[in-house]
Amino acid sequence: MISRKLSEKLNEQINKEIYSAYLYQDISNYYAVKGLKGFSKWFAIQSGEELDHARKINGYLLDEGITPVLGAIAAPDSRFEDLKAPLVAAYEHEKFITSSINDIFRAADDEGDYRTKRFLGWFIDEQAEEEKNASDLVTEYDLFGSTSQGLFMLDSKLGERK
Ligand code: FEO
């Protein structure tokens with residue numbers, strides 16, 4: 001049985017994952033309005049993945065006999081100053097999510113809750129990938145985003161995401 005402290009942390013993580021979905025949909029909308037369909041698609045797909053993450057945790061709590069408690073989702077701040085700003089915001093957000101997952105893992109470790117540690121293993125791997133993807137986006141924007149040709153190429157590449 002998951003402790004009260006751990007179940008609260010997992011509930012909070014559901015909220016953070018749904019907020020991530022909200023943030024990325026907001027970024028997707030920002031790029032759509034700017035005419036960057038590839039960037040917009042990439043973030044829309046990422047938004048969907050975040051909802052999957054939330055469902056995964058929701059499912060874990062249910063499997064453990066705990067009713068998830070769904071809290072209010074904060075509104076994202078969509079006032080981005082330039083085309084690069086959402087990419088930096090996404091990278092910073094992924095680092096925050098990684099630290100949050102690590103915090104839950106640490107608590108599970110302290111309690112000797114091996115099942116929850118095992119469950120979180122998937123998220124730890126996933127965060128490594130998501131941080132890398134977000135960091136790569138910032139790097140690629142710095143390399144190619146300053147010219148219209150480079151931006152077009154990057155937008156086309158991001159639009160290939162399935
Ligand atoms: Fe679900 Fe992007 O962390």
Side-chain angles (χ1 to χ4, degrees), residues 2 5-32 34 36-64 66-80 82-109 113 115-142 145 154-155 157-162:
I2 299 180
K5 180 182 165 186
L6 266 182
S7 71
E8 282 174 2
K9 283 179 179 292
L10 288 164
N11 267 305
E12 284 167 17
Q13 194 62 33
I14 293 175
N15 194 287
K16 288 173 186 171
E17 299 291 346
I18 297 177
Y19 175 79
S20 304
Y22 233 40
L23 173 65
Y24 295 149
Q25 187 58 52
D26 195 39
I27 292 176
S28 174
N29 294 344
Y30 168 83
Y31 284 126
K34 296 286 182 188
L36 290 166
K37 290 181 182 158
F39 281 76
S40 179
K41 183 182 173 191
W42 196 95
F43 277 99
I45 291 172
Q46 191 57 40
S47 177
E49 283 200 4
E50 299 300 350
L51 287 179
D52 289 342
H53 299 169
R55 285 193 200 100
K56 220 175 172 78
I57 301 167
N58 193 95
Y60 180 66
L61 288 174
L62 286 174
D63 287 346
E64 293 293 316
I66 293 166
T67 306
V69 181
L70 303 180
I73 308 296
D77 180 357
S78 51
R79 288 165 297 170
F80 301 112
D82 55 28
L83 294 175
K84 182 182 170 181
L87 306 178
V88 175
Y91 182 40
E92 291 303 318
H93 185 67
E94 285 306 325
K95 286 195 278 186
F96 164 71
I97 293 294
T98 296
S99 69
S100 181
I101 295 288
N102 288 346
D103 175 66
I104 308 173
F105 188 90
R106 204 174 299 115
D109 192 42
D113 184 337
R115 200 154 62 224
T116 299
K117 281 172 70 177
R118 216 180 153 96
F119 169 72
L120 290 171
W122 183 89
F123 282 87
I124 289 169
D125 291 344
E126 179 72 6
Q127 280 314 117
E129 190 185 321
E130 297 213 332
E131 265 193 54
K132 168 94 169 63
N133 289 342
S135 165
D136 283 354
L137 280 183
V138 175
T139 304
E140 287 169 4
Y141 187 86
D142 284 342
L154 201 49
D155 191 55
K157 179 179 167 250
L158 294 179
E160 287 169 9
R161 183 173 181 182
K162 300 277 184 256

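In listed order, ligands and their atoms are each counted from 1.
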Carboxylate-amine/guanidinium contact Lys37 Asp155, below 4.0 Å: no
Atom of His53 closest to atom 1 (Fe) of ligand 1, considering N, O or S atoms: ND1
Lys/Arg N to Asp/Glu carboxylate O, Asp52 vs Arg55, below 4.0 Å: yes
Name of whichever N/O/S atom of Glu94 is nearest to atom 2 (Fe) of ligand 1: OE2
Ionic contact status for Glu17 with Lys56, cut-off 4.0 Å: no
Flag, side chain of Asn58 to backbone of Ile14, donor-acceptor distance under 3.5 Å: no
Atom of Glu50 nearest atom 2 (Fe) of ligand 1 (restricted to N/O/S, atom name only): OE2
Atom name in Glu130, limited to N/O/S, at shortest distance from atom 2 (Fe) of ligand 1: OE1
Lys41 bridged to Glu160 by N-O distance under 4.0 Å: no
Name, closest N/O/S atom of Glu17 to atom 1 (Fe) of ligand 1: OE1
Metal site atom 1 (Fe) of ligand 1: N/O/S of Glu49 inside 2.8 Å: no
